[in-house]
Amino acid sequence: MPEWMGSASVMSAAVMGLDVRPVSVEVSLIRGTPMMQIVGLAQSAVREGRERIRAAAAQLGLHVPGLRITVNLAPADLPKTGAALDLPIMLGILCAKGDLPRDALDGTLAVGELGLDGSLRSIRGALPIALFAAADPRVSRLLMPAANLREASAAEGVAVVGSESLTQILAALKGGVGLRSPAARLSPAVGARDGRAPENGAFDLSAVKGQPVAKRALEIAAAGGHNLLLSGCPGSGKTSLARCLPGLLPILDVREAVDVTAIHSVAGLLADGSGLKRARPFRAPHHSISEAGLIGGGTRPRPGEASLAHHGVLFLDELPEFGRRTLEALRQPIEEGQVRIVRAAGSACFPAAFTLVAAMNPCPCGFLGAPGRCRCPEEAVRRYRRRVSGPLLDRIDMLVEVPAVRWEELADAAPGERSAAVRARVSKARARAARRHGTTNARIPPVRLEEACGIDRGGRSLLRKAVTHLGLTARGYHRALRVSRTIADLEGRGRVSEDHVAEAIRFRGPC
């Protein structure tokens, strides 16, 4: 008969999308056939942790007993993926064996991947786990790899500690040396006191020659969070204009920075030692991207480009070249600001409140309207434009033609207005919108739209004519109203007037 040896339980966590679920790592040691068994819907990366644990223990001279080791990951019906459970399993074995004090892990939640040499490697989802630990009254200390400490420092209300190696953690748990703690809490406002936006690879607006209408549209899009479509011939500056947009946006506040960092953490896109992301995301996927790559998905739901652009810009260059099914999948995120992914193994919801900027040519060759350069048949032009559906176009607030740049504009050596000056106006307009209804104008709930816009009699009359004569849909009407509100905010006006509505309607015209 097997002889009872010992048991232990260690608190840990599993990340499902952006949600974090508590996991209790229960370890039982009994005398019997030497083996280690992990139960509780452990996926392959978790089960492979057995070999990492054995190799790390051998390298560090730790004697993992040749006993029957049973590890239960509770709750048993929750799928567990990734390697973050390596550390709590190892600590549970040592506690059950008596190598660690029984109370060494009281109030401690542990996560971390073990290297074969006993080192601790960074994990995905460290920030969501830290936020979960801070909200759980049972957890007073979070133990994790040192590479994740700066990322997790945004969580307040829990002691976050870690190390680069298992040896140091064991010494600390036995009452020896202390563990590393993160530096002072990182805030996006640090380093931004001079008013400059953080470096994010954005172009400066002053480098773009000409295009006053497109620049005005960029300013409005930045101030209100409005979606924008740029149409023009190759070389007219569409891509450069789009890349200027992040530099026109105000820096992320702490709440936004935590949201953006959490998404990138779950996606595994944070470098070791990274803190909160300060720059607005700018994502520009290639037109060959799949639906899952753009929206998110997979057996284990992961965020796609739409969610990685949360609180930032999603740029789709050569819009008609994207797959029709892929583009249509964007309709829900544009409307709701989030992506819901449902799979047989589970579901996840990722935020996706991005500003969409798309660019396209007017015809397959790109030179429609240029004398002697375009020979595209009318039917080919129609087929090309039909690749972008009417329902998707109806969700874009502004449609802007970007003409070819004239020689006089290219040769003009006078510097244009810099992004910093535009960003100052954008920040004031966004602050007015936030004081009025707590969000950007593009996100005003429909039930509050009429009240929030405060449109005068002349503006309302012009909107009625636009609906009657231009065939604006109800959605188009609401989007024109939101753009009008943003234009008024840029001018510091309390009410939306006829002039604001007229400019908004001009941006609703066909490209």
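We're numbering straight along the sequence, starting at 1. Both backbone and side-chain heavy atoms feed into the values below; hydrogens, waters and symmetry mates do not. Because the structure is predicted, anything quoted here is derived from the model rather than measured.
Atoms CZ and CG, on Arg121 and Leu114 in that order, are 9.0 Å from each other to the nearest 0.5 Å. Residue Leu120 holds its CG atom at 9.0 Å from CD of Gln168, rounded to the nearest 0.5 Å. Here the straight-line distance linking atom CG of Leu249 with atom CG of Leu218 works out to 10.0 Å at 0.5 Å rounding. Separation of atoms CD1 (Ile289) and CG (Leu294) is listed at 5.0 Å; rounding is to 0.5 Å.
Counting heavy atoms from C-beta on, the side chains of Leu308 and Ile263 come closer than 4.5 Å. A 4.5 Å side-chain heavy-atom check between Leu170 and Leu60 finds every atom pair outside the cut-off. Considering only heavy atoms from C-beta on, Leu62 stays 4.5 Å or farther from Asp99 through its side chain. The shortest side-chain heavy-atom distance between Thr440 and Thr355 does not fall under the 4.5 Å cut-off. No side-chain heavy atom of Thr108 sits under 4.5 Å from any side-chain heavy atom of Leu173. At a threshold of 4.5 Å between non-hydrogen side-chain atoms, the residues Val160 and Ser153 do not count as touching. Two residues are said to be in side-chain contact when any heavy atoms from C-beta on lie closer than 4.5 Å; Arg50 and Ile89 fail this criterion. For the pair Gln332/Val339, no side-chain contact is recorded, criterion being any heavy-atom separation below 4.5 Å from C-beta on.
At a cut-off of 3.5 Å, with distance as the only test, a side-chain donor of Glu328 or Ser389 sits close to an acceptor on the other residue. When only modelled atom types and interatomic distance are considered, Ser9 and Ser24 share a side-chain donor-acceptor pair under 3.5 Å.
The backbone N or O of Leu85 lies less than 3.5 Å from no partner atom in the side chain of Ser12, so there is not a single donor-acceptor pair. Side-chain N or O atoms of Arg278 include none that pairs as donor or acceptor with a backbone N or O of Ile251 at under 3.5 Å. A donor-acceptor distance shorter than 3.5 angstrom exists from the side chain of Glu151 to the backbone of Leu127, with no hydrogens or angles considered. In terms of modelled atom types and a separation under 3.5 Å, the side chain of Asp397 and the main chain of Val483 share no donor-acceptor contact. With hydrogens and angles ignored, the 3.5 Å screen pairs no side-chain donor or acceptor of Ser307 with any backbone N or O of Ala352. The backbone N or O of His311 lies less than 3.5 Å from a partner atom in the side chain of Arg280, making a donor-acceptor pair. In terms of modelled atom types and a separation under 3.5 Å, the side chain of Arg482 and the main chain of Ile444 share a donor-acceptor contact. With hydrogens and angles ignored, the 3.5 Å screen pairs no side-chain donor or acceptor of Ser240 with any backbone N or O of Gly237. Arg150 places a side-chain N or O within 3.5 Å of a backbone atom of Gly273 that can act as its donor or acceptor partner. A distance-only check finds a donor-acceptor pair linking the side chain of Arg432 to the backbone of Asp489 [under 3.5 Å].
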Given side-chain contact (heavy atoms from CB on, under 4.5 Å), test Leu73 with Val25 step by step and report yes or no. CA-CA 5 Å; Leu73 306 177; Val25 179; 3.9 Å; yes

From CA spacing to verdict: side-chain contact (heavy atoms from CB on, under 4.5 Å), Ile334, Phe354: CA-CA 8 Å; Ile334 290 174; Phe354 54 83; 4.1 Å; yes

Where do Leu229 and Val388 land on the side-chain contact (heavy atoms from CB on, under 4.5 Å) test, with the steps shown first? CA-CA 11 Å; Leu229 173 61; Val388 183; 6.0 Å; no

Where do Leu276 and Val258 land on the side-chain contact (heavy atoms from CB on, under 4.5 Å) test, with the steps shown first? CA-CA 7 Å; Leu276 289 183; Val258 168; 4.2 Å; yes

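Legend: residues meeting side-chain contact (heavy atoms from CB on, under 4.5 Å) with Val15, ordered by chain and number and at least two apart, are Val20, Ile129, Val266. Arg102 pairs by the salt bridge (charged side-chain N to carboxylate O under 4.0 Å, His left out) definition with nothing, not counting sequence neighbours. Taking Arg475 as the reference, Glu335, Asp394, Arg395, Thr473, Arg479 meet the side-chain contact (heavy atoms from CB on, under 4.5 Å) condition, with sequence neighbours excluded.
Looking at Asp86 and Arg52, a side-chain N of the basic residue comes within less than 4.0 Å of a carboxylate O on the acidic one, giving a salt bridge.
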